[in-house]
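Everything numeric here is computed off the predicted structure, so don't read it as measured data. Here is how names work: the chains are called A, B, and so on, in the same order as the sequence lines, proteins then strands, and each is numbered from 1.
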There are 2 protein chains.
Amino acid sequence: MLFQGEFNNAIDAKGRASIPAKFRDVLSSVFADERLIVTQNDGGLAAYPVQEWEKVLEKVNAMDASPLKDAINLALISPAIECPFDKQGRIQLTKAQRCYAGLESEIREIVVVGSINKIMIWNRAMHAEMRKQAENLLKTESQALYNLGF
Amino acid sequence: MLFQGEFNNAIDAKGRASIPAKFRDVLSSVFADERLIVTQNDGGLAAYPVQEWEKVLEKVNAMDASPLKDAINLALISPAIECPFDKQGRIQLTKAQRCYAGLESEIREIVVVGSINKIMIWNRAMHAEMRKQAENLLKTESQALYNLGF
DNA sequence: TATAGTTGCCCACAAAGTGTAAAAACGTGT
DNA sequence: ACACGTTTTTACACTTTGTGGGCAACTATA
């Protein structure tokens with residue numbers, strides 16, 4: 001369990017997103033490397049420690065050519081870019097990244113979510129909507145949840 | 001990892017496309033050569049550092065004559081021309097190039113995408129459409145993505 | 001040779017990105 | 001509940017980058 005928990009942070013007017021101190025601690029203590037590779041995934045941004053990202057790259061490179069591989073390259077690999085931290089623990093997101101994640105201009109509210117080996121960054125309103133939909137699905141599956149121990 | 005990331009830039013009324021500063025840095029620091037060879041590929045424009053382009057040429061030349069080789073020459077090699085930078089970091093695209101890539105007249109919005117050893121330039125709307133289709137495919141392959149570490 | 005279109009070069013302005021400092025908010029332990 | 005240290009946000013100054021426009025040189029066409 002590396003990255004865990006949700007944090008309601010903000011991006012400033014220049015598009016810098018503050019990453020929770022807990023996640024930065026994980027980066028320096030577990031990975032000894034404060035760099036993040038940020039890509040676009042499923043309407044949000046996904047930030048991987050370099051080490052984890054390289055594992056992903058190797059696996060993708062090992063794939064035979066296929067439409068799936070092309071789609072992965074187009075949608076997930078090409079947009080990926082290293083975003084270094086500044087002294088305040090923030091990363092600068094590019095325009096294209098903010099545009100993709102619905103974080104243009106006036107929108108400052110984000111949620112930063114730990115997801116095992118990566119960190120997800122969402123438009124907070126969008127994330128709330130996704131959660132609502134997930135909860136609706138769960139309501140129809142109470143037996144399955146019970147069996148899982150929830 | 002040479003060229004990486006997506007950048008929402010513009011072409012001006014004269015057909016000049018600004019290339020992101022990050023890519024220009026890679027050109028001068030890694031290749032020590034600011035020239036780009038621009039060709040047409042898959043509905044967009046592909047720009048190669050001269051050095052990389054020459055590698056491609058050698059490999060194609062080494063092929064035995066075949067319909068495939070002819071097609072490569074016709075569609076990929078012949079249209080290629082060198083596009084030098086102006087002092088503002090832009091390259092001048094020809095009419096034929098803009099026409100091929102769907103960048104006629106009024107269309108100003110492009111996306112410049114790093115793709116390892118080359119730089120792709122797309123009509124932004126077209127690129128968004130391609131991404132959408134890629135993401136649709138990815139949605140049907142969530143198990144495969146998980147296995148790859150995404 | 002006149003004309004229109006294209007190309008390259010230059011400048012200038014606006015937008016975006018970077019760095020630093022300080023204030024506000026938060027959490028912890030006493 | 002209070003004080004303290006940490007974390008996050010705000011604010012401002014400064015630099016870089018991207019974009020638009022002017023102008024002159026060149027090209028092609030008629």
Donor-acceptor pair (no angle test) under 3.5 Å: Arg90(A) side chain, dG19(C) base:
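Checked by distance alone, the answer is no.
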
Would you indicate which nucleotide in dT17(D), dA16(C), dG20(D) comes nearest to any side-chain atom of Arg108(B)?
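Out of dT17(D), dA16(C), dG20(D), the nucleotide with an atom closest to Arg108(B)'s side chain is dG20(D).
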
Nearest whole angstrom, please: distance from the [atom2] of [N] to the [atom1] of [X].
X: Gln92(A); N: dG17(C); atom1: CD; atom2: C1'; result: 5 Å
X: Glu104(A); N: dA16(C); atom1: CD; atom2: P; result: 12 Å
X: Asn9(A); N: dA25(C); atom1: CG; atom2: C1'; result: 12 Å
X: Leu103(A); N: dG17(C); atom1: CG; atom2: P; result: 13 Å
X: Phe23(B); N: dG18(D); atom1: CZ; atom2: C1'; result: 15 Å
X: Gln88(B); N: dC9(C); atom1: CD; atom2: C1'; result: 8 Å
X: Phe7(B); N: dT19(D); atom1: CZ; atom2: C1'; result: 17 Å
X: Asn8(B); N: dT19(D); atom1: CG; atom2: C1'; result: 15 Å

Has Arg24(A) got a side-chain N or O lying under 4.0 Å from the OP1 or OP2 atom of dT6(D)?
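No, because none of the side-chain N or O atoms of Arg24(A) sits under 4.0 Å from OP1 or OP2 of dT6(D).
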
What's the spacing between [X] [atom1] and [Y] [atom2] if we round to 0.5 Å?
X: Phe23(B); Y: Asn9(B); atom1: CZ; atom2: CG; result: 9.5 Å
X: Asp42(B); Y: Leu45(B); atom1: CG; atom2: CG; result: 11.5 Å
X: Thr94(A); Y: Arg98(A); atom1: OG1; atom2: CZ; result: 7.0 Å

In terms of the nearest nucleotide of DNA chain D, which residue is placed more toward the 5' end: Arg16(B) or Pro20(B)?
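It is Pro20(B) whose nearest nucleotide is closer to the 5' end.
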
Quick check on DNA chain D: between Ala10(A) and Lys14(A), whose nearest nucleotide comes earlier from the 5' end?
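Mapping each residue to its closest nucleotide by heavy atoms, the 5'-most match is Ala10(A).
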
Pick base, sugar-phosphate or nothing for [X], based on heavy-atom distances below 4.0 Å to the nucleic acid.
X: Ile91(B); result: nothing
X: Asp86(A); result: nothing
X: Ile11(A); result: nothing

If you assign each of Lys87(A) and Gly15(A) to its closest nucleotide in DNA chain C, which residue comes earlier from the 5' end?
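Looking at DNA chain C, the more 5' nearest nucleotide goes with Gly15(A).
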
Side chains of Gln88(A) and Arg16(A), donor plus acceptor under 3.5 Å:
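No, because no side-chain N or O of Gln88(A) sits under 3.5 Å from a partner of the opposite role on Arg16(A).
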
Closest non-hydrogen atom pair between Leu74(A) and Ala134(B), with its separation
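Result for this residue pair: CD2-CB, 3.8 Å.
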
